[in-house]
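First comes the structure, then the notes that go with it.
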Amino acid sequence: MNVFVTGGAGYIGSVCVEELLNAGHQVTVYDNLTEGHRSAVDPRAKFVFAQPGGDGSLAQTVAAARPEAILHFAANALVGESMTNPGKYFQNNVCNGLQLLEAAVQARVKKFVFSSTCATYGPPERVPITEDLPQRPINPYGESKLMFERMLHWYREIHGLEFVAFRYFNAAGASERFGEHHRIESHLIPNVLKVPLGQASHCEIFGTDYPTPDGTCIRDYIHIIDLAQAHILALAPGKAGFYNLGNGDGYSVRQVIQTCEQVTGKKIPAVEKPRRPGDPPKLVAGADKAIRELGWKPKYPKLIDIVSTAWNWHKKNPNGYSD
Ligand code: UDP
C-alpha cells in the first residue's frame, strides 16, 4: 500500500515507518523536524520536509503522494508542557491536524490512522481502561487529542473517511536502528537510563503521595514495535474504530527504576520531587478489543524486555541521533 506518514521522523513514527517498509509498503514521510530527526527516517522511505505555516502546501504534498492511507503521528505529546503552553497543543494537534484531514478528503484517501492517547481518558473510573469508558482529560494534551478524535468521527459521518484511532498507553523501547531521542527529554525511561549512561547523577520521581501502593504513578508501558504492528493491521480493509494499545500491566515509577537497575546492572539513585501537574495516578490499558478485532499480539509484553531494547539503543547511541 502507498502510505503517507506525518511525524515519520519522530520516535514512534520512525519505527512504524521501518516496520511498514519491512512489510512491503511504500512510504512517504512528512515531518517538520522540530521533534523528529532526519537520520531517524528509514532511507527506504521518501522524505518531504514540512514547511511551517498553513500555505496550502500540505494539501499539494498529500495529493502528489497519492496515498491510499495516512498515518498521522505528528503532534506535540508532553503532558507537562501542555499544562504551561496549552496554545501550542491546540494549534498543532487540532488546527494543523484539521488541515491534514481536509487534505485527506481532497485526495480521496481511503484510510486514516491516528495516534491518540490514554490521556484522553483522564483519571478513569476503573482499570483496566476499556474503550467505552468516559473520556475526561485533565490536561490540554489529552484534550487536544480528544478533539481530533471527535473531528475524525464527523469526517467519517460526513465525508466517509474511514479511520482507526489508537489510544496509546506509554510508548517505550527501541528497534535495532531507531530509538527515543527528544531534544528536551521528559519521559521516564530515557531519563532514568541517563544515570547508567553516565549522563546524570540521579533520576527524579515526580510525586510520591499518589493513591497507589508505593505512592508513585502507575503506567502501562508498550513497546513501539508492537505499536507499529497494530498500525499495519489497521490498514487491512474494514478495520475501523477506537482501540487502546497497552499490555494491561501497570508499573509504578519506582518499579520502572528498579527494572532499569536490573537491566543495566547499575544502581540508579532517585530524588523525590513534587507531583507533575496533569498526571493521573494510574493508567492501565484494557486492550482486548485490539487483540480480538485486529488480531494484534504484542511481541514484547514484559517491561524488562522493553527496557532492554531501550538500553541497547541508548548504549549504541549515547547522544541519540547526530543531527
Ligand atoms: N516521571 C518521573 N520522572 C521523570 C519523568 C517522568 O517521575 O523524570 C513520571 C511522570 O510524572 C509520570 C510517569 O513517570 O507519572 C510517566 O511519565 P512520562 O513522561 O514518561 O509519560 P506520560 O505518562 O506523561 O505520557
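All values derive from a computational prediction rather than experimental measurement. In each ligand, atom 1 is the first atom listed, and ligand 1 is the first ligand listed.
For the pair K273 and F206, the cation-pi criterion (under 6.0 Å, within 45° of the ring axis) is not fulfilled. Cation-pi contact between R275 and Y210: present, with separation from the ring centre below 6.0 Å and deviation from the ring axis of at most 45°.
Nearest protein heavy-atom neighbour of atom 15 (O) of ligand 1: C217 CB, 3.0 Å. When hydrogens are left out, the protein atom nearest atom 9 (C) of ligand 1 is V253 CG2, 3.9 Å; that is the closest non-hydrogen contact. Protein heavy atom nearest atom 11 (O) of ligand 1, with residue, atom name and distance: D279 OD2, 2.6 Å. Nearest protein heavy-atom neighbour of atom 21 (O) of ligand 1: N170 ND2, 3.1 Å. Regarding atom 3 (N) of ligand 1, its nearest protein heavy-atom neighbour is E204 O, 2.7 Å. Here the protein heavy atom with the shortest distance to atom 20 (O) of ligand 1 is L188 N, 2.9 Å. Nearest non-hydrogen protein atom to atom 7 (O) of ligand 1 is F206 N, 2.9 Å.
Comment: E272 engages R254 in a salt bridge, judged by a side-chain N to carboxylate O separation of less than 4.0 angstrom.
Under the 4.5 Å side-chain criterion, counting only non-hydrogen atoms from C-beta, I222 is not in contact with Y300.
The other residues sharing a hydrophobic cluster with W154 are I158, where clustering joins ILVMFWY side chains under 4.5 Å apart.
Checking R254, H187, R276, R275 against atom 17 (O) of ligand 1, the nearest heavy atom belongs to R276.
Only the backbone of S186 comes within contact range of ligand 1, with a heavy atom under 4.0 Å; no side-chain atom does. Using a 4.0 Å cut-off between heavy atoms, N191 contacts ligand 1 through its side chain alone, with no backbone atom that close.
Near I205, with a cut-off below 4.0 Å to any heavy atom, the atoms of ligand 1 are 7 (O).
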Salt bridge (charged side-chain N to carboxylate O under 4.0 Å, His left out) between E125 and R136, intermediate numbers included
CA-CA 10 Å; E125 286 165 5; R136 292 190 279 249; 3.0 Å; yes
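Partners of K267 by side-chain hydrogen bond (donor to acceptor under 3.5 Å, both in side chains), not counting sequence neighbours, listed by chain and number: E261.
Under the side chain to side chain donor-acceptor pair (under 3.5 Å) test applied with Y243, the options E131, K289, E293 reduce to a single match, E293.
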